Amino acid sequence: MDMRKLVGRNFSRLRKQKGFTQEKFAEASGFTQQYISGLENGRRNPTVVTLFELASALGVSHVALVLPDEEFSTLPRAPKPSS
């Protein structure tokens, strides 16, 4: 699983649910529109502090940005080791 892509998908979904365009979110949060675009496209590797700041600006928990989504849940799971 590529965490950058997962965070980007989650962030994009949450941003849209909150009614923000990339430009409006940039104005409200202090991040640039270019950073937001790179994040949503999985080209950025945000720090823990950045994840917290992004989530705070969205009004959600930082955990919401790293939770597995439907794309991840459709991937085959590794078998559990036998005891």
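Numbering starts at 1 and runs along the sequence shown. Quantities reported herein were computed from a predicted structural model and do not represent experimental measurements. For the numbers below, each heavy atom of this structure counts, side chains included, while hydrogens, waters and symmetry mates do not.
To the nearest 0.5 Å, atoms OG1 (Thr50) and OH (Tyr35) are separated by 4.5 Å. Here the CD atom belonging to Gln17 is positioned 9.5 Å from the CG atom belonging to Leu58, to the nearest 0.5 angstrom. Atom CZ in Arg43 sits 11.0 Å away from atom NZ in Lys5 (nearest 0.5 Å). Between Arg4 atom CZ and Glu40 atom CD the span is 16.0 Å, to the nearest 0.5 Å. Annotation: the span from Gln22 atom CD to Thr32 atom OG1 amounts to 10.0 Å, rounded to 0.5 Å.
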* Leu6/Asp2 under side chain to side chain contact (heavy atoms under 4.5 Å, CB included): CA gap, chis, key distance, verdict -> CA-CA 6 Å; Leu6 174 64; Asp2 186 333; over 6 Å; no

* Asked: How far apart are the C-alpha atoms of Leu65 and Leu14, what are their side-chain angles, what is the distance that settles it, and do they pass the side chain to side chain contact (heavy atoms under 4.5 Å, CB included) test?
  -> CA-CA 8 Å; Leu65 295 175; Leu14 291 165; 3.9 Å; yes

* Which is it for Phe52 and Thr47 under the side chain to side chain contact (heavy atoms under 4.5 Å, CB included) test, yes or no, and what are the steps along the way? -> CA-CA 9 Å; Phe52 183 81; Thr47 66; over 6 Å; no

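Side chain of Ser12 to backbone of Gly8: no donor-acceptor contact under 3.5 angstrom is found. Of the possible donor and acceptor atoms, one in the side chain of Asn10 sits under 3.5 Å from a partner among the backbone N and O of Leu67. Remark: side-chain polar atoms of Arg15 are paired, donor with acceptor, to backbone N or O of Phe20 under 3.5 angstrom.
Side chain to side chain, Glu27 and Gln33 fail the donor-acceptor criterion of an N or O pair below 3.5 Å.
With a 4.5 Å cut-off on side-chain heavy atoms, Ser29 and Leu54 do not count as touching.
Annotation: Phe11 is in aromatic contact with Phe25 [ring centroid separation under 6.0 Å].
In terms of heavy-atom proximity, Lys24 sits nearest to Thr21 at N-OG1, 2.9 Å. The minimum heavy-atom distance between Val7 and Val66, with the atom names listed, is CG2-CG1, 4.0 Å. Nearest approach of Lys18 to Val60, heavy atoms of both residues: CE-CG1, 3.8 Å. Contact between Leu51 and His62 at its shortest, heavy atoms only, is O-CB, 4.2 Å.
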